[in-house]
Amino acid sequence: MDRDFFSRDTLDVARDLIGCQLIRYLPAYDAPIIVTINETEAYKGSDDAASHAYRGITPRNRPMFGPPGILYVYFTYGMHYCMNIVTERDGVAGAVLLRGAIATQGIELIRQLRSGKTRPSDKQLLNGPAKLTQGLAIDLNLNGYDLFADTSQQPQPLAITPPATESPPSTIIQTPRIGISQATDLPWRFLTVPPHTTR
DNA sequence: AGGCCGATGCTCT
DNA sequence: GAGCATCGGCCTC
């Protein structure tokens, strides 16, 4: 995976990110956290009323106008972080919000970082954008981080890889985006179909 | 299973 | 000053 992957239409990137893996290295721990993305949303620019970039560049949304492959992390509701990967090309706004994932490796550490009172199921552990950043210990320190700047320097704080070849390709469905009040008709949310809903 | 609500502080008008 | 790309707890069905 390279910068060209993200230098495409935001909708295509959002769809193709499903199944990709995030690798998170934390200095205090030997083993990395690895999660598999299963839910994303596309956000564009002046043509997307739900996007932070809709009304042009501001101090907060500046990364969305930057080069593809960098992170756009923002703080919201006074307590949560959400992470995006920037798309399109330098100067054109676009980003994919990472909304959910399944723990693939390091689930003990993820549970520690989530540190809730309750013990969510594996499915509920990272099924939300703020849960994902909490489980991966991602905050504003990684805002603007370039996934492809120094790939020779290992380990990187955060890296992304294509879907594991042994994992069967899953069916991807498209729905309206969640938690927004503008452009609610656009089906720009992508997620994997649950195995099967049993009774 | 689903709806409501409070927490909590930044961002932009 | 209003509104948030949210979450978890508590309530009712």
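If you're wondering where the values come from, they're calculated on a predicted model, not measured in any experiment. In what follows, chains are A, B, ... by sequence order, proteins preceding strands, each numbered from 1.
- Across all strands, A/A130 comes closer than 4.0 Å only to sugar-phosphate atoms, never to a base (heavy-atom distances).
- At a threshold of 4.5 Å between non-hydrogen side-chain atoms, the residues A/F190 and A/V13 do not count as touching.
- Backbone-only engagement by A/R114 is indicated by non-hydrogen atom pairs under 4.0 Å involving sugar-phosphate atoms exclusively.
- As judged by a 4.0 angstrom heavy-atom cut-off over every strand, A/R99 is placed among residues touching the sugar-phosphate backbone only.
- Nucleotide B/dT8: unpaired (no Watson-Crick or G-U wobble partner with both distances less than 3.5 Å).
- Checking B/dT8, C/dC4, C/dA5 against the side-chain heavy atoms of A/S181 singles out C/dC4 as nearest.
- Between the side chain of A/Q174 and the main chain of A/P187, a donor-acceptor pair closer than 3.5 Å is present.
- Stacking between A/Y43 and C/dA5 is shown: the ring centroid lies under 5.5 Å from the centre of the six-membered base ring, and the planes differ by under 30°.
- A/R89 places no side-chain N or O within 3.5 Å of a backbone atom of A/P67 that could act as its donor or acceptor partner.
- Judged by distance alone, the side chain of A/E41 and the main-chain N or O of A/R99 form no donor-acceptor pair under 3.5 Å.
- With B/dA7, C/dG8, C/dA5 as the candidates, the nucleotide lying closest to the side chain of A/M64 is C/dA5.
- Under the 4.5 Å side-chain heavy-atom criterion for grouping Ile, Leu, Val, Met, Phe, Trp and Tyr, A/Y81 is not connected to A/L97 through any hydrophobic cluster.
- Comparing A/Q134 and A/Q182 by the nucleotide of DNA chain C that holds the closest heavy atom to each, the one mapping nearer the 5' end is A/Q182.
- In this structure, A/Y54 atom OH and C/dG3 atom P are separated by 17 Å, rounded to whole Å.
- With hydrogens and angles ignored, the 3.5 Å screen pairs no side-chain donor or acceptor of A/T133 with any backbone N or O of A/M83.
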Pick out the pairs of N or O atoms, protein on one side and nucleotides 10-13 of chain B on the other, that lie under 3.5 Å.
from	atom 1	to	atom 2	distance (Å)
B/dC12	OP1	A/T58	OG1	2.2

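- Between the side chain of A/R177 and the backbone N or O of A/A42, at least one donor-acceptor pair lies under 3.5 Å.
- Residue side chain A/Y74 reaches the base of C/dA5 through a donor-acceptor N/O pair under 3.5 Å, judged by distance alone.
- Listed nucleotides: C/dC7, B/dT8, C/dA5. Nearest to the side chain of A/I180: C/dA5.
- Counting only distance, with no hydrogens or angles, the side chain of A/T87 and the backbone of A/S7 share no donor-acceptor pair below 3.5 Å.
- In this structure, A/R119 places its CZ atom 18 Å from C1' of C/dC7, rounding to the nearest Å.
- We find that CD1 of A/I178 is positioned 11 Å from P of C/dC7, with the value rounded to whole Å.
- Close to C/dA5, at under 4.0 Å from its OP1 or OP2, lies a side-chain N or O of A/H52.
- As rounded to whole Å, 19 Å separates atom P of B/dT8 from atom CG of A/D139.
- Regarding A/H80, its NE2 atom lies at a distance of 4 Å from the C1' atom of C/dC7, rounded to whole Å.
- With a cut-off of 3.5 Å on both pairing distances, C/dA5 has no Watson-Crick or G-U wobble partner at all.
- Between the CE atom of A/M79 and the P atom of B/dC5 there is a distance of 17 Å, rounded to whole Å.
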